[in-house]
Amino acid sequence: MSKRLKVDLPGREYEIVLQRGLLAQAGGECRAVLPRARRLFVVTDSNVGPLYYNRLKASLEAAGFQVFVQVVPAGESSKNASQLARLWEDMMNAKLTRTDAVVALGGGVVGDLAGFAAATVLRGVDFVQIPTTLLAQVDSSVGGKVAIDLEAGKNLAGAFWQPKLVLMDPDTLDTLPLPVFMAGMAEVIKYGCIADRDFFAFLEARPSREQIMGEIEHVLYTCCDLKRWTVVADERDMAGPRMLLNFGHTLGHAYELAGHYTQWSHGEAVAAGMCAAAQLGVQEMLTPPEVPGRISDICASFGLPTAISCTMEEYAAAVGLDKKCMGEDISLILLEDLGKAVIYGMSQEDALEAIQQFVEHSGRMADGC
Ligand code: NAD
Ligand code: GLY
């Protein structure tokens, strides 16, 4: 039985469908939301394509679609302007029309790249997300943020372009390399931290990949339910609720920067960022003192780092680059309690002073003082 969640954006509503083995039924699901489409252009990557494309293609063809594919090299380096331009050209060579659609089969990289291509080709065509990583299933495939990276930074050119449908087959997670699965767990843990204390406790009681996979439908459903709520409340990430998803990300960006975007995955950086943000919250007398320990423990149980060292220059660069930054002020996401995140507005100067205090305090803790 499939589980379904509706993302209720007026005029752009869509469903998230969640079911084991769903890939083999993708054709029927796509046909139901794309009644006029003749051609589908699938974008996948060099790891995911060999594993899942044939199964998807067979199902799409059985539903009467003519299917085209482009396989991009796996990894973040494909999320760039030249891959995007190649997709546009190939879509035109495939004679895609405005009633046809793009399908993203892969992780967040493929979803962001294919989504941006869909948002821009022919001034916008329909788009279906078929996420195959844990991160993409709980986060990036829902909400319509699509983007490529620029030399100046990650995700700096993009659009809000909601998919027509999101199809999640939890079975695809079985082939994920362990570090990719664990990085996705950082985002799963984040939902518990920001919005659902009971879900946090549920995760604490299941501290391994096997235990999480045993309850994966519940995990995906809970995360997508929380994500869709923030998207419906704040589609453009301006009014507030969607900003709560940034918990751990501002400091996480500093750690990604410190590791030159190669040493730490996004999920690892977010894990350390959540631990640091929890401690910052205690320092600001907002977060109860027992919270940082619980977050560190759960991150550690999934093999995620709980602290990453970083210079004040890197913190300052990340705070300045943060897209949640409005003018000279910054909105740090802190916890009033486990399961209750708040937007904590500060000047950049005050934020950096607070981070400096946190760095000095954690340095003293590490020295055993
Ligand atoms: P990814 O897409 O690079 O996938 C990670 C690795 O797993 C890749 O090597 C990929 O080939 C492989 N892979 C994917 N599915 C697989 C499967 N089922 N079996 C085996 N291997 C598989 O990375 P990601 O972590 O999924 O996504 C990261 C990207 O998502 C970043 O670019 C980030 O900026 C973006 N992102 C976007 C949003 C958003 O709202 N749009 C949110 C968070 C992150
Ligand atoms: N991943 C953050 C967002 O979708 O807003």
Side-chain angles (χ1 to χ4, degrees), residues 7 23 43-53 55-56 71-80 83 104-116 119 127 129-150 153-163 166 168-188 190-191 194 223-224 226-250 252-253 256 261 265-270 322-324 333:
V7 183
L23 213 50
V43 182
T44 188
D45 78 19
S46 51
N47 291 332
V48 179
L51 291 167
Y52 299 114
Y53 173 64
R55 206 180 309 168
L56 174 65
V71 181
V72 301
E76 187 70 29
S77 59
S78 279
K79 237 176 82 174
N80 62 34
Q83 285 294 350
L105 172 69
V109 164
V110 164
D112 281 12
L113 173 69
F116 195 28
F127 165 48
Q129 286 269 21
I130 308 186
T132 63
T133 63
L134 183 56
L135 178 142
Q137 295 191 350
V138 299
D139 185 2
S140 62
S141 64
V142 176
K145 281 189 183 175
V146 295
I148 56 167
D149 301 332
L150 302 181
K154 277 184 65 173
N155 298 322
L156 291 183
F160 287 94
W161 192 248
Q162 298 295 340
V166 183
M168 276 180 208
D169 183 345
D171 286 348
T172 59
L173 303 180
D174 289 342
T175 53
L176 274 188
L178 186 62
V180 179
F181 182 88
M182 296 313 198
M185 278 308 299
E187 303 288 351
V188 172
K190 182 188 76 180
Y191 286 107
I194 65 172
C223 295
C224 289
L226 292 170
K227 173 92 196 231
R228 76 170 171 150
W229 172 80
T230 66
V231 171
V232 170
D234 180 19
E235 184 185 7
R236 294 277 165 152
D237 207 357
M238 296 293 279
R242 195 165 180 171
M243 286 169 136
L244 301 179
L245 299 172
N246 208 36
F247 178 60
H249 283 60
T250 303
H253 290 153
E256 284 186 283
Y261 292 96
S265 70
H266 177 70
E268 288 172 323
V270 166
D322 201 298
K323 292 190 290 301
K324 273 54 183 186
I333 308 304

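Start at 1 and go down the list; that is how both ligands and their atoms are numbered. No hydrogens, no waters, no symmetry mates; every other heavy atom, side chains included, goes into these values. Quick caveat, the model's predicted, so the values are computed rather than measured.
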Checklist outcome for this item: OG (Ser141) and CZ (Phe127) are apart, to the nearest 0.5 Å, by 8.5 Å

Next on the checklist: Checking side chain to side chain contact (heavy atoms under 4.5 Å, CB included) between Leu245 and each of Ile333, Val231, Ile194, which is the one that passes?
Outcome noted: Ile194

Next on the checklist: I need the single residue from Leu173, Leu23, Val142 that forms a side chain to side chain contact (heavy atoms under 4.5 Å, CB included) with Met168. Which is it?
Outcome noted: Val142

Item to check | For Lys227, atoms of ligand 2 separated by under 4.0 Å from a heavy atom | outcome: 1 (N), 3 (C), 4 (O)

Next on the checklist: Does any part of the side chain of Glu76, heavy atoms only, come nearer than 4.5 Å to the side chain of His266, both counted from C-beta?
Outcome noted: no

Checklist entry - Within a strict 4.5 Å, meaning less than it, do heavy atoms of the Glu187 and Gln137 side chains meet? => result no

Could you go through ligand 1 and note, for every N or O atom, any protein N or O atom closer than 3.5 angstrom, writing the atom names and distance to 0.1 Å, or 'none'?
unit_1	atom_1	unit_2	atom_2	d
ligand 1	2 (O)	Gly108	N	3.1
ligand 1	2 (O)	Val109	N	3.1
ligand 1	9 (O)	Asn47	ND2	3.1
ligand 1	11 (O)	Asp45	OD1	3.2
ligand 1	11 (O)	Asp45	OD2	2.7
ligand 1	11 (O)	Asn47	ND2	3.0
ligand 1	15 (N)	Thr132	O	3.4
ligand 1	15 (N)	Thr132	OG1	2.8
ligand 1	18 (N)	Thr132	O	3.0
ligand 1	18 (N)	Thr172	O	2.9
ligand 1	18 (N)	Thr175	OG1	3.4
ligand 1	19 (N)	Thr175	O	3.4
ligand 1	19 (N)	Thr175	OG1	2.7
ligand 1	26 (O)	Gly108	N	2.8
ligand 1	26 (O)	Thr133	OG1	2.6
ligand 1	27 (O)	Gly108	N	3.2
ligand 1	32 (O)	Glu76	OE1	2.6
ligand 1	32 (O)	Glu76	OE2	3.2
ligand 1	32 (O)	Lys79	NZ	2.8
ligand 1	34 (O)	Lys79	NZ	3.0
ligand 1	34 (O)	Asn155	ND2	3.3
ligand 1	41 (N)	Asp112	OD1	2.9
ligand 1	41 (N)	Lys145	O	2.8

Checklist entry - If every non-hydrogen atom of Val146 is compared with every non-hydrogen atom of Ala119, which pair is closest and at what distance? => result CG2-CB, 4.4 Å

Next on the checklist: Asp237 versus ligand 2: do any nitrogen or oxygen atoms come within less than 3.5 Å of each other?
Outcome noted: no

Item to check | Evaluation steps, side-chain contact (heavy atoms from CB on, under 4.5 Å), between Tyr52 and Thr44 | outcome: CA-CA 9 Å; Tyr52 299 114; Thr44 188; over 6 Å; no

Item to check | Residue-ligand contact His249/ligand 2, heavy atom below 4.0 Å | outcome: no

